[in-house]
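In what follows, every chain begins at residue 1, and chains take the letters A, B, ... in the order their sequences are listed.
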There are 2 protein chains.
Amino acid sequence: MPAEAKVSAKVNKVAKVEARAAAPASPPLTERQEARRRRILHASAQLASRGGFDAVQMREVAESSQVALGTLYRYFPSKIHLLVATMQDQLEHMHGTLRKKPPQGETAAERVAETLMRAFRALQREPHLADAMVRALTFADRSVSPEVDQVSRQTTAIILDAMGQENPTPQQLSAVRVIEHTWHSALITWLSGRASIAQVKIDIETVCRLIDLTAPDTRK
Amino acid sequence: MPAEAKVSAKVNKVAKVEARAAAPASPPLTERQEARRRRILHASAQLASRGGFDAVQMREVAESSQVALGTLYRYFPSKIHLLVATMQDQLEHMHGTLRKKPPQGETAAERVAETLMRAFRALQREPHLADAMVRALTFADRSVSPEVDQVSRQTTAIILDAMGQENPTPQQLSAVRVIEHTWHSALITWLSGRASIAQVKIDIETVCRLIDLTAPDTRK
DNA sequence: ATCAAGTCTGGAACTTGTTCTAGATTAGCG
DNA sequence: CGCTAATCTAGAACAAGTTCCAGACTTGAT
């Protein structure tokens with residue numbers, strides 16, 4: 001086989017290095033490696049779309065993506081890492097999609113709420129996938145912090161985009177943090193059947209008021 | 001042995017029935033059963049206080065509490081059930097403790113924030129235990145909904161107590177929901193090392209503003 | 001072309017949550 | 001007291017995440 005290796009490197013710890021930050025730093029990945037990685041993520045999302053968290057079984061992911069179990073673990077050091085990476089992947093999609101149709105609301109709060117509800121509706125279309133990703137995210141321990149943080153940053157970016165504020169104040173950033181907290185926790189209550197879709201909507205709208213409360217132009 | 005059975009019953013499914021609602025409905029438990037249950041919860045909390053979630057291993061809990069593994073599973077149908085029950089137990093303590101010294105703040109928001117920070121400091125004293133309980137709580141699936149709901153109600157009660165409002169408005173109840181979301185999620189970010197104690201404090205204070213924003217007397 | 005290092009594979013092995021079984025023990029009842 | 005059902009115990013067995021290993025394949029460099 002001719003064209004196999006493109007990117008050379010002395011640094012070659014695929015998993016640890018690669019998983020740490022999706023695209024940015026240190027991805028000296030061969031084409032075939034990149035392809036494997038995609039196959040794995042695809043299989044993960046596919047299995048998750050059926051049975052949710054429990055249905056994503058490492059042996060099955062390995063088989064579906066035509067990779068040995070050991071290799072799967074080299075790319076993603078645990079099931080949680082795999083699912084969080086899957087979420088990163090899905091979030092990028094989402095962000096792209098959302099960018100295309102910016103929210104219409106008058107106030108920043110309305111736009112953020114609208115954006116989150118749009119994301120929520122997308123999740124409702126694949127509730128099992130949502131289950132797998134969100135459960136992994138909140139169950140992640142310290143060893144997954146970098147990846148979870150990346151997801152958090154991506155989420156923050158989406159919200160700030162929706163706000164349409166170039167220079168958010170510290171208070172607004174605090175509000176955004178709280179919104180993220182609420183978003184995650186509300187999703188969990190929905191996924192575990194303890195809150196209805198309507199209730200999640202209310203919670204999102206409620207927390208989004210914090211934005212206008214802290215907006216430099218709207219008040220004070 | 002003479003005095004063993006006190007409460008008689010035809011309904012005797014310990015686990016399912018008993019776990020469903022801590023004290024209220026259907027606890028026809030023998031003294032020895034009650035003692036076993038306590039031993040189990042105690043062992044659970046003890047193990048959790050060391051290594052956190054992972055250190056609570058069902059075999060060890062069974063051994064520590066001098067109960068067969070099968071019996072442990074009869075009392076608590078899964079590790080998650082066990083840890084959520086442990087949390088219920090701890091929460092009751094906490095509520096009792098908090099009741100004694102009501103918060104001093106001027107506004108409802110201040111009092112709630114103060115109360116939550118007090119709870120937070122208590123958790124900081126046993127970070128591993130906190131880890132076990134909170135992780136279990138957010139990882140719980142539908143099969144644990146009733147128990148998780150009970151924890152949620154207890155938390156709501158604590159917050160409403162701190163507010164000192166007898167008849168909260170619907171908006172205030174919404175605010176309380178959001179506060180709970182933030183509380184749980186902020187704890188998780190702290191436990192997984194992604195947020196500092198100071199950051200959690202800020203998040204709590206930020207979300208608590210929602211209360212005054214919706215207070216019937218403070219505004220409008 | 002060949003070598004050394006790194007990677008991938010198939011599969012066994014280990015860990016811990018969960019389930020199951022057979023045989024004591026205990027509880028409630030006549 | 002003696003019976004029957006429920007409960008408890010010890011321990012095997014099973015499931016899925018994770019780790020290990022020996023051998024084959026790739027890669028990058030000499």
Checklist line | Interatomic distance where CD belongs to A:E60 and C1' belongs to D:dA15 [whole Å] | finding: 12 Å
Checklist line | Short side-chain N/O contact to D:dT7 OP1/OP2 from B:Y75, under 4.0 Å | finding: no
Notebook entry, point to check: Side-chain donor-acceptor pair under 3.5 Å between A:S185 and B:H181, yes or no?
Noted result: yes
Margin query: For a quick check of understanding: with a heavy-atom distance under 4.0 Å over all strands, which category does B:V56 fall into, base, sugar-phosphate or nothing?
Written below: sugar-phosphate
Check: Taking the side chain from A:S192 and the backbone from A:I188, do they hold a donor-acceptor pair closer than 3.5 Å?
Finding: yes
Note to self: Using a 3.5 Å distance criterion without hydrogens, assess whether the side chain of A:S152 forms a donor-acceptor pair with backbone atoms of A:V148.
What the structure shows: no
Next item on the list: Check whether the side chain of B:R59 and the base of C:dT18 form a donor-acceptor pair under 3.5 Å.
Entry: yes
Check: Choosing from D:dT9, D:dG17, C:dT9, which nucleotide comes nearest the side chain of A:Q57?
Finding: D:dG17
Check: Side-chain N or O of A:Q33 less than 4.0 angstrom from OP1 or OP2 on D:dT26?
Finding: no
Notebook entry, point to check: So, is B:R32 near the phosphate of C:dA27, with a side-chain N or O under 4.0 Å from OP1 or OP2?
Noted result: yes
Check: Taking for each residue the nucleotide of DNA chain D bearing the nearest heavy atom, is the 5' side occupied by A:G70 or by A:F53?
Finding: A:F53
Item checked: Between D:dA15 (P) and B:M58 (CE): distance, integer Å -> 19 Å
Item checked: Interatomic distance, A:L72 CG vs D:dT19 C1' [rounded to whole Å] -> 13 Å
Next item on the list: May I ask you to check if A:K79 and A:F53 form a cation-pi contact, with NZ or CZ under 6.0 angstrom from the six-membered ring centre and within 45° of the axis?
Entry: yes
Margin query: How many whole angstroms separate atom CG of B:D141 from atom C1' of C:dG17?
Written below: 14 Å
Item checked: Separation of atom CG in A:L69 from atom C1' in D:dA15, rounded to whole Å -> 14 Å
Margin query: Regarding B:Q66, tell me which of base, sugar-phosphate or nothing describes its non-hydrogen contacts under 4.0 Å with the strands shown.
Written below: sugar-phosphate
Notebook entry, point to check: What is the distance, rounded to the nearest whole Å, between atom CZ of A:F76 and atom P of C:dT7?
Noted result: 16 Å
Next item on the list: Provide, to the nearest angstrom, the distance between the NE2 atom belonging to A:H81 and the P atom belonging to D:dG17.
Entry: 16 Å
Next item on the list: Quickly work out the B:K79 NZ to C:dT19 C1' distance and round it to whole Å.
Entry: 17 Å
Next item on the list: Among B:I202, B:T206, B:V200, find the one that has a side-chain contact (heavy atoms from CB on, under 4.5 Å) with B:I204.
Entry: B:V200
